[in-house]
Structures are given as structure tokens and as C-alpha cells.
Number of protein chains: 2
Amino acid sequence: MYNSNGVRRLGNKRKVPLTVIKRLPRYYRYLSELFKNDIGRISSKELSQRMGVTASQIRQDLNFFGGFGQQGYGYNVEYLYNEIGAILGLNKTRKMIIVGAGNLGQALANYKNFRKRGFELAGIFDVREDLIDKEVNGLKIQDFKSLEGFIKENPVDIGILSVPHDQTPSVAEKLVSCGIKALWNFSPMDLKLRQGIVIENVHLSDSLMTLAYKLNRLESDDINC
Amino acid sequence: MYNSNGVRRLGNKRKVPLTVIKRLPRYYRYLSELFKNDIGRISSKELSQRMGVTASQIRQDLNFFGGFGQQGYGYNVEYLYNEIGAILGLNKTRKMIIVGAGNLGQALANYKNFRKRGFELAGIFDVREDLIDKEVNGLKIQDFKSLEGFIKENPVDIGILSVPHDQTPSVAEKLVSCGIKALWNFSPMDLKLRQGIVIENVHLSDSLMTLAYKLNRLESDDINC
DNA sequence: TAGATTGTTAATCGATTAACAATC
DNA sequence: TAGATTGTTAATCGATTAACAATC
């Protein structure tokens with residue numbers, strides 16, 4: 001089903017652009033803060049000022065998913081917070097495993113916020129003998145060899161890849177062959193995604209390089225201007 | 001100085017959009033791979049196929065910074081690699097400190113790739129008594145109280161914030177008051193940036209929520225289509 | 001030279017902002 | 001009711017893609 005611009009529609013709705021989706025977690029964070037501070041309602045204008053975006057953009061973004069506000073009133077904070085959570089799928093629990101129990105893997109395993117949002121760590125795996133059986137946040141690191149068996153016994157939604165660079169493709173392949181459909185990739189390498197697999201790449205070094213660029217420009221502006 | 005579209009120009013050049021800048025590290029990674037594999041030259045077409053973007057976009061992006069190619073030949077891999085590195089500022093060493101030596105802070109401290117790109121870790125700080133004096137990647141974790149004195153003795157370019165959520169604003173303020181102009185922020189909170197300070201936020205939970213959204217949509221597409 | 005491929009301008013596409021009728 | 005603020009359409013802006021003359 002296509003609209004007049006040739007854009008695919010899902011059911012009755014336009015396909016939501018990725019730019020919009022990436023803003024949802026940010027709205028969610030701000031609404032969470034408002035809710036914590038017992039603020040019951042908010043207008044797009046007020047929220048736009050807090051967030052440093054336009055009110056138009058907020059209303060446009062939300063209306064991809066439905067009309068959550070009320071003319072003359074604005075938005076009910078708790079309601080909108082829950083709705084965005086539901087859109088993001090935070091109302092259903094997602095089981096995760098970590099592959100690669102080095103520093104980063106262990107740091108992620110200890111991250112408390114995930115569980116709060118409905119993400120549950122089910123297992124941690126590594127190939128390194130000295131790490132196997134070590135306990136991290138209440139879970140014993142398991143031998144990577146037992147991964148396949150584990151996934152057969154325990155359904156897993158999300159695979160977290162915190163393995164060294166050169167092992168990323170093969171580990172990703174393994175996870176996908178075990179039926180995992182979502183990969184959260186921390187290696188500085190883009191994973192080729194096949195149909196039916198979703199991926200989020202977290203390229204820390206890209207972010208640091210971007211920061212270096214900004215700093216450079218800042219310094220040269222100081223000199224020139 | 002402004003061009004016909006009213007866009008500010010820097011010297012003779014248009015201001016480079018952030019979207020373009022964020023793509024530079026990715027070009028840099030791909031060129032690094034090509035260089036490692038002894039590939040001496042590449043055309044925008046060939047590179048576009050490897051990266052899954054259009055050749056037009058590559059040529060447009062590069063031409064914000066200058067003409068690095070040659071008609072009929074393409075781009076010299078080593079030259080372009082070095083040029084992009086220079087644009088990103090990777091040819092000058094940047095001193096960094098980490099504030100917050102929890103799991104994430106320690107993971108970052110152990111990250112080997114940073115040094116390779118010219119980022120040098122100069123210090124790690126925390127308030128926790130049990131962490132102070134612990135050695136991480138050859139550096140002793142220092143008392144947060146000694147931060148100010150340390151920065152006076154040792155010039156620092158980049159401050160890495162891996163402290164708990166609620167301490168982020170005050171620590172950021174402290175770093176800025178000590179003269180640090182670039183912050184790499186890992187807390188799930190946007191830092192308000194004042195004039196003359198540059199920030200990169202790494203919101204891990206935002207990325208995970210985006211992944212959850214994609215997974216949801218994937219599953220509902222499976223059912224509907 | 002002929003073929004290849006850039007740098008750059010023009011055309012298209014998509015995303016953001018503005019405006020306002022609808023309505024709480 | 002009058003004022004406020006949404007949902008939505010229209011206008012603008014910016015980013016991407018296409019096209020091609022320049023030239024190696």
C-alpha cells in the first residue's frame with residue numbers, strides 16, 4: 001500500500017522515518033523526568049523549549065503514531081510516557097545475551113538501567129578460559145561453545161556483540177544461525193544485515209573522532225574569529 | 001561571509017553540515033581496511049558499493065573539504081585516508097581523562113584503539129575510596145579531589161564522563177571550569193552546552209531502545225506480510 | 001587518443017518549520 | 001465563552017541523487 005508520494009504505508013500509516021524513531025528515546029527520557037517531578041501535563045511548546053527543538057517537530061513526530069494530545073490542554077505526561085514506551089516496545093520483556101565478556105561486556109552486564117526498561121540479561125559468553133565461570137552481576141560467564149545449546153533451551157531476543165574486531169562477523173553469523181534477530185554491535189565494524197535481521201551499531205571510536213573534529217573546528221574558530 | 005543561500009561560509013568554504021561530519025569516521029574506517037589490504041586506489045563508485053551509499057554522496061561529502069581525487073583515476077587510498085584523518089584532527093595527540101572509574105570507565109580505559117588514533121589517556125578519577133589507587137591499564141585511579149590540581153599540571157583536551165546519572169551535570173561543570181573544552185558524555189542525559197564547549201553524547205540506552213523498536217516492527221511485519 | 005571518473009551544477013526528494021482551522 | 005493548543009496541511013529548507021562538462 002502506497003500513498004500519493006509513493007511512500008510505503010504500514011496499515012493506514014506512513015512508514016515512520018528512521019530520524020523520527022531515533023528521537024523517540026529522547027522524548028521518552030524527557031517525559032520520564034517530567035513524570036518523576038510530578039508534572040502532570042505539558043504542551044508541545046513547553047517541551048520544545050526544554051528539549052531545544054521546535055514544537056512543530058514534536059507534534060509532527062508524535063502524529064506518526066497517533067494523536068496523543070488534546071487541544072487547549074497539551075499532553076498528559078504519564079499517558080504520553082507510557083504510549084511512547086509502548087511504541088518502543090518497552091512493555092514486553094526482551095531477553096539478551098552478551099558475547100564477549102571483556103571489560104566492555106562486563107560493564108554492560110552491570111548496567112542497571114536495562115532491566116528497568118524491560119531488558120533482561122540471560123547469559124554471558126566468552127572463549128577465554130580465564131573468564132569462564134567468573135561471576136558478573138549474578139551470572140556466570142559461560143563457554144562460548146555452549147552458546148548454541150543455551151539458546152535452544154532459553155529463547156533469546158537480542159545478542160550483544162562485545163567481541164574483538166576480527167571475530168565480529170563470525171560471532172554475528174553464529175547468533176543469527178541460532179535464530180537471534182536483533183544484534184547490538186559494539187565493534188568498530190559495520191555488520192552487513194540480511195533481510196529479517198535488525199542491527200544497532202555503537203561505534204564508540206566514530207563518536208570520539210567526531211568529537212575531535214568539533215574540537216578542532218572550535219579551536220580554529222577561536223583563532224580566526 | 002555568506003553564500004547565495006544565506007549559509008555561512010568559513011573562509012572560502014561552506015559550513016560543513018553535521019550529517020557530513022558524522023560520515024567521515026566511517027569513510028576513514030573503510031579506507032583503513034582498503035589500505036591494510038594493499039588496495040592503492042579506489043573510485044567513488046567502487047567505494048559506494050562497498051559502503052552501501054551512493055557515489056554521488058561520497059563525492060559531494062569529500063568536496064566540502066577539497067578535491068582529493070583525479071579524473072579517470074579515482075582516489076589514492078593512502079592519500080585520502082591521511083587527508084580524512086587530518087580533517088578529523090587525528091594527526092595531533094589529544095590528552096583525555098576519565099571521570100568515573102566504574103565498569104564503563106575501566107572498560108574505556110582499557111580500550112586499545114584510542115591511542116592508535118592519537119588519543120592518549122592521561123588520568124582516571126573517581127570519588128570511591130575502594131577504587132582510588134587501583135591500577136587500570138597502567139594508570140592509578142586518582143581521587144576526584146585532586147582533579148583540579150592535576151589539570152593545572154597536565155593539559156587535558158577531552159573529559160570523558162562515565163559517572164552516575166545524577167552526578168553528570170556537576171562533574172561536567174567542574175571539568176569546564178577547569179578549562180576542558182570537549183566532553184564525551186556517557187550518561188543518559190543531555191548536557192546543556194554553553195558557547196565554546198563541544199560535546200558528544202553516547203546514549204547507550206537510546207540505542208538499545210531503537211533496537212527494540214526495530215525488532216518490534218520486524219516481528220509485526222512478519223505477521224502482517 | 002578513448003575510456004574512466006572526478007568535481008560541480010541542477011533536479012529531486014525528504015525533513016523541518018510555519019500556519020491555521022478545529023476543538024477542547 | 002475566550003484562550004490555548006492540538007492535529008494537519010502548506011511552505012520552506014536542506015540533503016541526496018542525477019547528470020554532465022572537464023580532464024586525467
Side-chain angles (χ1 to χ4, degrees), chain A residues 2-10 12-24 26-27 31 34 39-77 79-80 83-84 87, chain B residues 2-10 12-24 26-27 31 34 39-77 79-80 83-84 87:
Chain A
Y2 294 83
N3 72 4
S4 58
N5 293 320
V7 172
R8 179 149 180 252
R9 281 160 168 275
L10 300 166
N12 196 24
K13 296 195 181 64
R14 282 157 292 169
K15 184 176 187 324
V16 185
L18 191 59
T19 47
V20 173
I21 292 160
K22 295 217 179 226
R23 284 196 289 265
L24 293 179
R26 188 152 181 265
Y27 293 134
L31 288 163
L34 292 169
I39 295 170
R41 59 178 255 201
I42 191 140
S43 68
S44 58
K45 190 180 171 204
E46 164 83 19
L47 185 59
S48 74
Q49 285 161 351
R50 288 173 184 255
M51 295 184 67
V53 298
T54 63
S56 245
Q57 181 165 77
I58 293 174
R59 295 205 298 279
Q60 286 278 28
D61 283 355
L62 296 179
N63 281 102
F64 274 100
F65 303 97
F68 302 115
Q70 203 167 65
Q71 284 99 329
Y73 172 87
Y75 300 88
N76 179 289
V77 169
Y79 174 71
L80 185 57
E83 285 294 316
I84 294 182
I87 292 164
Chain B
Y2 293 82
N3 72 4
S4 59
N5 294 320
V7 172
R8 178 147 179 252
R9 280 159 169 276
L10 300 167
N12 196 24
K13 296 194 182 67
R14 281 156 293 168
K15 184 176 188 322
V16 186
L18 191 59
T19 47
V20 173
I21 292 158
K22 296 220 178 222
R23 283 195 290 264
L24 292 180
R26 188 152 181 264
Y27 293 135
L31 288 163
L34 291 169
I39 296 170
R41 60 178 255 203
I42 190 141
S43 67
S44 57
K45 191 181 170 204
E46 164 84 18
L47 185 59
S48 74
Q49 284 160 351
R50 288 174 184 255
M51 296 184 67
V53 299
T54 64
S56 245
Q57 181 166 76
I58 293 175
R59 294 205 300 278
Q60 285 279 27
D61 283 355
L62 296 179
N63 282 101
F64 275 102
F65 304 97
F68 302 115
Q70 203 169 66
Q71 284 98 328
Y73 172 86
Y75 301 87
N76 178 290
V77 169
Y79 174 70
L80 186 57
E83 285 295 315
I84 294 181
I87 292 164

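Just so we're on the same page: letters track the sequence lines, and every chain starts at 1.
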Chemist: Drop me the distance from A:Lys22's NZ to A:Asp61's CG, to the nearest 0.5 angstrom.
Modeler: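 Rounded to the nearest 0.5 Å, the NZ-CG separation comes to 14.0 Å.
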Chemist: Which base sits across from C:dA15 as a Watson-Crick or G-U pair, both distances under 3.5 Å?
Modeler: D:dT12
Chemist: Should A:Ser44 be listed as having a side-chain N or O under 4.0 Å from OP1 or OP2 of D:dT6?
Modeler: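 True: A:Ser44 side-chain N/O within range (under 4.0 Å) of D:dT6 OP1/OP2.
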Chemist: Would you indicate, yes or no, if D:dT17 has its OP1 or OP2 atom less than 4.0 angstrom from a side-chain nitrogen or oxygen of B:Thr54?
Modeler: yes
Chemist: Scan every strand shown for a Watson-Crick or G-U wobble partner of C:dA22, both distances under 3.5 Å, and answer none if you come up empty.
Modeler: D:dT5
Chemist: Kindly point out which of D:dA15, C:dA18, C:dT6 is positioned nearest to the side chain of B:Thr19?
Modeler: D:dA15
Chemist: Rounded to the nearest Å, what distance is computed from the CD atom of residue A:Gln60 to the C1' atom of nucleotide D:dT9?
Modeler: 9 Å
Chemist: Determine whether A:Tyr75 and A:Leu47 satisfy the following criterion, side-chain contact (heavy atoms from CB on, under 4.5 Å), listing intermediate values before the conclusion.
Modeler: CA-CA 10 Å; A:Tyr75 300 88; A:Leu47 185 59; over 6 Å; no
Chemist: Could you give the distance from CD (A:Gln49) to OG (A:Ser44), rounded to the nearest 0.5 Å?
Modeler: 10.0 Å
Chemist: If you round to the nearest 0.5 Å, how far is CZ of B:Phe68 from CD1 of B:Ile87?
Modeler: 4.0 Å
Chemist: Find the distance A:Phe65:CZ to D:dT8:P and express it as a whole number of Å.
Modeler: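 One finds 14 Å between P of D:dT8 and CZ of A:Phe65, rounded.
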Chemist: Measure the distance from CD on A:Gln57 to C1' on C:dT17 and round it to the nearest whole Å.
Modeler: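 Distance, rounded to whole Å: 9 Å.
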Chemist: Without decimals, in angstroms, what is the distance between B:Arg41 CZ and C:dT5 C1'?
Modeler: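 Atom-to-atom, B:Arg41 to C:dT5, this comes out as 9 Å.
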Chemist: Can you check the A:Arg59 CZ to D:dA4 C1' distance for me, whole Å?
Modeler: 11 Å
Chemist: Mapping B:Gly72 and A:Leu18 onto DNA chain C by nearest heavy atom, which one lands closer to the 5' end?
Modeler: B:Gly72
Chemist: Nearest to the side chain of A:Ser56, which nucleotide is it out of D:dT16, C:dA18, C:dT6?
Modeler: C:dA18
Chemist: For A:Lys22 and C:dT16, give me the distance from atom NZ to atom P, rounded to whole Å.
Modeler: 14 Å
Chemist: For the side chain of B:Pro17, counting heavy atoms from C-beta on, which of C:dT17, D:dA15, C:dG7 is nearest?
Modeler: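 Out of C:dT17, D:dA15, C:dG7, the nucleotide with an atom closest to B:Pro17's side chain is D:dA15.
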Chemist: Which nucleotide in the list C:dT16, C:dT8, D:dT8 gets nearest to the side chain of B:Asn63?
Modeler: C:dT8
Chemist: Using atom types as modelled and distance alone, determine if a side-chain donor or acceptor of B:Arg26 lies under 3.5 Å from a backbone N or O of B:Met51.
Modeler: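 Judged by distance alone, yes, a pair lies under 3.5 Å.
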Chemist: Counting just side-chain N and O atoms, does B:Tyr75 come under 4.0 Å of either OP1 or OP2 of D:dC24?
Modeler: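 Looking at the OP1 and OP2 atoms of D:dC24, neither is under 4.0 Å from any side-chain N or O of B:Tyr75.
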Chemist: How long is the line joining CD of B:Gln70 and C1' of D:dA22, in whole Å?
Modeler: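 These atoms are roughly 13 Å apart.
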Chemist: B:Lys45 NZ to D:dT17 P: how many Å, rounded?
Modeler: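 Answer to the nearest Å: 16 Å.
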